Amino acid sequence: MTTTSTVPAERVLTGDRPTGPLHLGHYFGTLQNRVRLQDRGAEMFVLVADYQVITDRDVADRLAEHTENLVLDYLAAGLDPERTTIFAHSAVPALNQLMLPFLSLVSVAELSRNPTVKDEIAHSRQTGVSGLMFTYPVHQAADLLSCKATLVPVGQDQVPHLEVARTVARRFNERYPHADGTGVFPAPQPLLSEAPMLLGTDGGKMSKSRGNAISLGATEDETARLIRGAKTDADRRITYDPATRPEVSSLVLLTALCQERDPETVAEELGDGGAAALKRTTTEAVNEYLRPLRTRRAELAADRAHLRQVLRDGAVRAGVVAEATLAEVREVMGAVV
Ligand code: TRP
C-alpha cells in the first residue's frame with residue numbers, strides 16, 4: 001500500500017493578476033511549486049487578482065478573456081479544481097469587506113513606504129496615483145486573511161505585501177482579541193521559490209508585458225522563433241555562469257530545468273557548439289517538456305464554459321470560508337447581528 005505524505009494544517013494562498021498568458025518564468029518560479037503543494041495535500045487557494053489589474057491602469061483590458069486563460073494555464077499546469085480552490089477575488093464579497101477594518105490598522109506613512117508599490121508607481125501608465133494603487137497591499141492582506149492562509153508561495157517582490165498582511169493580522173489580534181485572549185488571524189509566512197530567475201529573450205526580466213516571454217500556450221514554432229531570436233554572446237564555448245554570461249546561462253538553465261538535469265552538465269555537453277546549437281537544444285527541450293501540458297491546454301481551451309464553472313465553484317468555496325472569517329471579525333469587533 002502506498003501512502004501520500006500530507007502537510008497538516010497548512011493553508012496555502014497565492015495568485016496572479018489576469019493581465020496576460022503565463023510563461024516559463026511563472027512555471028518554474030511558482031506554478032510547479034503550487035502543483036507540488038497540492039499533491040502533498042496542502043489546502044490550496046489560488047486566486048485571480050482581477051481587482052489588482054486596475055491598480056496601474058484605468059481599465060482592465062479584455063478581463064474576461066485573461067481571467068479564463070489564467071484558469072486554463074492553471075489547469076494545464078496541473079492544478080486540480082477538485083483539490084485547489086481557484087477563484088477571482090472580485091467574486092467574493094466577504095473578502096472585499098475585510099479591507100475596510102484592515103485599512104484602519106495601517107498608517108498612510110506605512111503605506112507610502114512599501115517598496116513594491118513605490119516601484120509600481122514609478123512604472124505606472126497613469127499620471128496620478130489612485131487610492132487603490134496606494135492601498136492594494138491591504139486588499140492583498142484581505143485576500144490572505146479571508147482564508148487564514150499560513151503559507152504564501154510568492155516571489156521576492158511580494159515580500160513587502162506579506163509584511164503588510166502580517167502587520168494587519170498582528171494589530172487586529174491585539175486590538176480585537178477573542179474573549180479567551182486568542183487572536184483571529186494566523187500570520188501568513190512567505191514561501192520563496194528556489195528556482196533561479198529566468199531571463200526573457202532580450203536579456204531582461206521575463207515579463208508578460210515586455211514581449212520577451214515564452215508563454216506556456218505558445219506553439220512549437222513560436223517557441224522556436226522566440227528562442228532563435230534570444231540575445232546571446234559571441235563566445236562559442238557554452239558555459240553556465242549567470243553572473244558574467246546571464247543570457248547564455250539563462251538558456252542553459254532553461255534547458256536544464258526542462259531536462260531535469262544540472263545546468264553545468266548541459267553546458268559541458270554543448271562544449272564549443274556555439275549559440276546556434278544551444279538554441280536548438282533549448283528549443284527541443286522546452287517543446288518536449290511542454291508537449292503534454294500544451295496538449296491538455298488545447299483540450300481544455302475548447303470548453304470555455306468549463307473554465308467559467310471552475311471559477312463559479314471556486315467563488316462559492318472561497319465565499320464560505322471568507323464569510324466565516326468576516327463573521328468572526330464582526331463578532332470580536334462587537335458589531336451587532
Ligand atoms: N500581487 C500579486 C502579483 O502581482 C498577485 C496577488 C494578489 C497575490 N493577491 C495575492 C499573490 C495574494 C499572493 C497572495 O503577482
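Both counts, for ligands and for their atoms, begin at 1 and track the order of listing. Computed from a predicted structure; not experimentally measured.
- Among the atoms of Asp16, none of the N or O lies under 3.5 angstrom from an N or O of ligand 1.
- Below 30°, between 30° and 60°, or above 60°: for Phe28 and Tyr289 the angle between ring planes is between 30° and 60°, a tilted geometry.
- Taking Phe45 as the reference, nothing meets the ring-ring contact (aromatic ring centres under 6.0 Å, His included) condition, with sequence neighbours excluded.
- Annotation: Glu288, atom CD; neighbour count of heavy atoms from other residues, nucleotides and ligands within 6.0 Å does not exceed 12.
- Taking all heavy atoms of His89, Arg17, His26 into account, the minimum distance to atom 4 (O) of ligand 1 is reached by Arg17.
- Val159 belongs to a hydrophobic cluster whose remaining members, ordered by chain and number, are Leu192; membership requires side-chain heavy atoms of ILVMFWY residues under 4.5 Å apart, directly or through intermediates.
- Atoms OG1 and CZ, from Thr223 and Arg228 in turn, are 11.0 Å apart once rounded to the nearest 0.5 Å.
- The protein heavy-atom contact nearest to atom 14 (C) of ligand 1 is Leu13 CD2, 3.6 Å.
- Taking only nitrogen or oxygen atoms, main chain and side chain alike, His161 does not reach within less than 3.5 Å of ligand 1.
- Each of Asp80, Asp39, Asp16, Asp73 was checked for a salt bridge (Lys or Arg N to Asp or Glu O under 4.0 Å) with Arg34, and the lone residue meeting it is Asp16.
- Cation-pi geometry between Arg17 and Tyr136 is met: under 6.0 angstrom from the ring centre, within 45 degrees of the axis.
- Annotation: the span from Ser146 atom OG to His139 atom NE2 amounts to 9.0 Å, rounded to 0.5 Å.
- The shortest N or O to N or O distance between Asp143 and ligand 1 is below 3.5 Å.
- Here's the thing with Gln140: one of its N/O atoms is less than 3.5 angstrom from an N/O atom of ligand 1.
- Under a 4.0 Å criterion applied to the non-hydrogen atoms of Leu47, ligand 1 contributes the atoms 9 (N), 10 (C), 12 (C).
- Listed by number with element, the atoms of ligand 1 under 4.0 Å from a non-hydrogen atom of Val154 are 13 (C).
- The proximity of Gln52 to ligand 1, defined as any non-hydrogen pair under 4.0 Å, is limited to the side chain.
- Looking only at protein heavy atoms, the nearest one to atom 3 (C) of ligand 1 is Gln158 NE2, 3.8 Å.
- Per-residue contacts place Ala49 under 4.0 angstrom from the following atoms of ligand 1 (heavy atoms of the residue considered): 7 (C).
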